[in-house]
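Take a look at the structure set out below.
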Amino acid sequence: MRKGDGRLSHDLDSLDRAPKDACGVFGVWAPGEDVSKLTYYGLYALQHRGQESAGIAVSEGSRILIYKDMGLVSQVFDESILGTLRGHIAIGHCRYSTTGSSVWENAQPTLSSTEHGGLALAHNGNLINTGELALRLPPDAIRATTDTEVLTTLLAQDRSQSIEDAAAELLPQVKGAYSLVWMNETTLFAARDPQGIRPLVLGRLERGWVVASETAALDIVGASFIREIEPGELLVIDERGVRSRRFAAAQPKGCLFEYVYLARPDTTIAGRGVQATRVEVGRQLAREHPVDADLVIPTPESGTPAAIGYAEQSGIPYGQGLVKNSYVGRTFIQPSQTIRQLGIRLKLNPLREVIQGKRLIVVDDSIVRGNTQRAIVKMLREAGATEVHVRISSPPVAWPCFYGIDFATRAELIAGSLSVEEIRASLGADSLGYISLEGLTRATTIPADRLCRACFTGEYPIPVDQDQVGKYVLEGQL
C-alpha cells in the first residue's frame with residue numbers, strides 16, 4: 001500500500017484535481033528584522049499557490065543557509081528551525097510541481113556556488129525551453145529535475161561577470177513564465193519574464209524591502225505596496241536601495257486564470273482587487289445565463305465571490321447550501337476503501353434543510369475534469385434539490401497550460417473533447433452556463449491583448465514546442 005502523501009483529495013480520486021499553480025515566492029532585504037519569520041508568514045499567505053514543499057534561504061552577509069522539506073509551510077518550520085535561520089536577507093518558496101517530481105530534491109530554494117560565493121533561487125512559473133537550456137550544462141551538473149535547477153546552475157556558472165550582469169544576459173534566452181527571487185550573501189534580486197505571466201510585486205518595510213507573488217503576502221508582514229515588478233524587469237536590492245534594470249522589452253500577457261482561481265481574493269492585480277473582479281464576473285454570468293431558481297449557492301470557497309455577484313444581479317437569494325471541511329486538504333492517514341467511497345462528502349456536505357425542495361443555482365469557478373461537479377450535482381439531488389443549474393465563472397478550460405498551471409493534457413480536460421451540452425449531460429445538471437471569454441475579460445478591466453488566455457483559446461503568447469515540454473522533461477537525463 002502506498003504511503004499517504006498528505007493530499008487527501010488526490011488519494012480519494014486521482015482524477016479529481018483542481019487547477020494548481022506552480023508556486024509562491026517571497027524575498028526580503030531588511031537589516032535588523034527577523035527575516036526568517038517575515039518569510040515564514042509571507043509564505044503562509046502564499047500557501048494556496050503551492051502545498052507540496054516549502055523552503056527558506058537566509059544570509060547574514062557571509063554565507064547562505066537553506067532549510068526546506070516536503071509539506072505545508074507550518075509543517076516544515078517551527079520556532080526552533082526559524083531561530084537558526086538568522087540574517088538580513090531571505091527568500092522563500094512554496095511549491096506545486098509542474099516540472100520535476102514532487103520529491104525533496106526538487107524542493108526550493110535551489111542552491112549553487114559561484115565564483116564569488118553562493119546563490120539561492122526560487123521560481124514561480126514554468127519554462128518551455130528547459131531541455132534546450134539543460135543541454136548547455138556539463139553532464140552531471142544538476143542534481144534536481146526542475147527548470148529552476150537548470151536556471152540556477154546556468155546563472156551560477158558564468159564566472160566572467162557579476163550575478164546581475166549574468167542574469168541580464170541569461171534571462172532574454174529563457175522562454176516561458178518566470179517570476180524569480182534570488183540572492184547571494186549580500187544582495188536580493190527579483191525578475192519577471194517579458195510577458196509578466198505570473199505576478200510579482202514590490203513592497204516597502206520600515207527598514208527594508210519585500211518582493212512577493214501577491215500583495216496579500218505584503219499585507220501579512222506589514223509591508224506597503226509600492227508597485228508591480230514590470231515584465232522584463234530585473235530588480236537589485238542592497239544597502240544602496242532598489243535599482244531597476246530592463247533586460248527585455250515588456251510584452252504584457254498576464255494570466256487570466258489568476259483572476260478566476262489562482263490568486264487570493266484579497267490580492268490586488270493591476271490596481272484592482274481580485275474579489276471585486278470575481279463578484280463582477282458573477283454579475284456578468286447572471287446577465288449571460290439567467291434561470292428561474294430559488295437559491296444561489298457557491299461551491300465553497302472557490303465559487304463564493306461569483307455566487308455573490310450572481311445573486312446581486314439576478315435578485316435570487318444567496319445562501320450557503322454546502323459546508324466545507326477546512327482541514328480535509330492535508331492528512332497523513334491513508335483513507336480506507338469505505339472512506340474513499342465517500343469521495344466528495346469528505347470535503348463538502350449539503351445543508352439539507354436549506355436545499356430540500358429548492359431549485360438551485362450552483363456557482364463554481366471552473367470545470368477541469370468534471371468529477372467534483374458531477375459528485376456535487378448528485379449529492380444535491382440526493383439531499384432534496386428539485387433542480388440543479390450549474391454556472392461557471394470562467395469559459396470552458398479546453399487547452400493545457402505550459403506556463404505554470406497543471407492542466408497537463410487536452411485529453412484530461414472535459415471541455416477538450418465535449419460540447420457544453422455534452423458536459424451538462426455528463427454532470428447530470430438541469431442546465432449549464434459558462435461565462436463568455438469576452439465577459440470574463442471585460443470584468444478584469446484589462447485589455448484582451450495584455451492577457452494570456454491560452455487555456456481558453458489555445459492561442460499561446462509564447463510559441464510552444466509540445467514535444468519539448470512536460471513535467472518530467474528532465475527525469476530521463478539524470
Side-chain angles (χ1 to χ4, degrees), residues 8-19 261 282 285-286 288-311 313-326 328-329 335 337-397 413-415 417-435:
L8 180 57
S9 59
H10 292 202
D11 283 339
L12 289 170
D13 182 352
S14 62
L15 298 179
D16 179 23
R17 292 187 293 140
Y261 177 87
L285 185 56
E288 294 183 7
H289 296 286
V291 65
D292 288 333
D294 304 307
L295 191 67
V296 178
I297 68 171
T299 299
E301 272 87 19
S302 58
T304 300
I308 292 170
Y310 194 104
Q313 180 66 34
S314 66
I316 299 170
Y318 169 89
Q320 183 182 14
L322 295 164
V323 175
K324 181 179 181 180
N325 180 353
S326 300
V328 78
Q337 182 60 29
T338 299
I339 296 296
R340 190 187 302 272
Q341 289 172 348
L342 292 176
I344 193 69
R345 289 183 184 271
L346 283 173
K347 295 182 282 186
L348 297 171
N349 207 32
L351 288 167
R352 294 175 184 273
E353 64 275 17
V354 173
I355 64 179
Q356 191 166 15
K358 299 282 180 41
R359 300 169 297 167
L360 302 179
I361 298 171
V362 184
V363 181
D364 206 350
D365 56 22
S366 59
I367 300 177
V368 179
R369 295 165 179 85
N371 301 304
T372 294
Q373 287 82 6
R374 191 176 300 115
I376 287 174
V377 170
K378 182 174 184 289
M379 183 170 60
L380 292 173
R381 291 198 189 281
E382 290 174 350
T386 58
E387 296 177 14
V388 181
H389 302 275
V390 176
R391 295 294 180 267
I392 304 299
S393 61
S394 66
V397 176
L413 300 170
I414 192 169
S417 58
L418 300 183
S419 67
V420 172
E421 173 56 26
E422 288 170 331
I423 295 171
R424 181 208 62 77
S426 173
L427 301 184
D430 291 283
S431 70
L432 170 63
Y434 290 89
I435 194 171

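Looking at Leu380 and Leu322, their side chains come closer than 4.5 Å, going by heavy atoms from C-beta outward. Counting heavy atoms from C-beta on, the side chains of Ile297 and Leu351 never come closer than 4.5 Å. Looking at heavy atoms from C-beta onward, Pro298 lies in side-chain contact with Tyr318 at the 4.5 angstrom threshold. Side chains of Arg374 and Ile414 form a contact here, defined as non-hydrogen atoms less than 4.5 Å apart. Side-chain contact between Gln320 and Val354: absent, with no pair of heavy atoms (C-beta onward) separated by less than 4.5 Å. Here the side chains of Arg391 and Val291 are in contact, with some heavy-atom distance below 4.5 Å.
Judged by distance alone, with hydrogens and angles left aside, the side-chain atoms of His289 form a donor-acceptor pair with the main-chain N or O of Tyr434 at under 3.5 Å. Under the 3.5 Å distance criterion, the side-chain polar atoms of Gln373 are matched with a main-chain donor or acceptor of Ser366. Not a single donor-acceptor pair under 3.5 Å links the side chain of Asp364 to the backbone N or O of Ile392.
A donor-acceptor pair shorter than 3.5 Å cannot be found between the side chains of Ser394 and Asp365. A donor atom on one side chain and an acceptor atom on the other are not found under 3.5 Å apart for Ser419 and Arg424.
Within the model, atoms OG of Ser431 and CD1 of Ile361 stand 8.0 Å from one another, a figure rounded to the nearest 0.5 Å. From Arg381, atom CZ reaches atom OG1 of Thr386 across 8.5 Å, with rounding to the nearest 0.5 Å. The distance from atom CG of Leu427 to atom CG of Leu432, rounded to the nearest 0.5 Å, is 6.0 Å. Rounding to the nearest 0.5 Å gives a distance of 12.0 Å between CG of Asp294 and CD1 of Ile355. Put simply, OG on Ser426 and CG on Leu418 are 6.5 Å apart, with the number rounded to the nearest 0.5 Å.
Of all heavy-atom pairs between Ile316 and Ala311, the closest is O-CB, 3.3 Å. Considering all non-hydrogen atoms of both residues, Val390 and Ala429 come closest at CG2-CB, 3.8 Å. In plain terms, the two heavy atoms of Leu413 and Val397 that are nearest each other are CB-O, 3.6 Å.
Shown are Asp430, Val296, Leu360; of these, the side chain to side chain contact (heavy atoms under 4.5 Å, CB included) with His389 is made only by Asp430.
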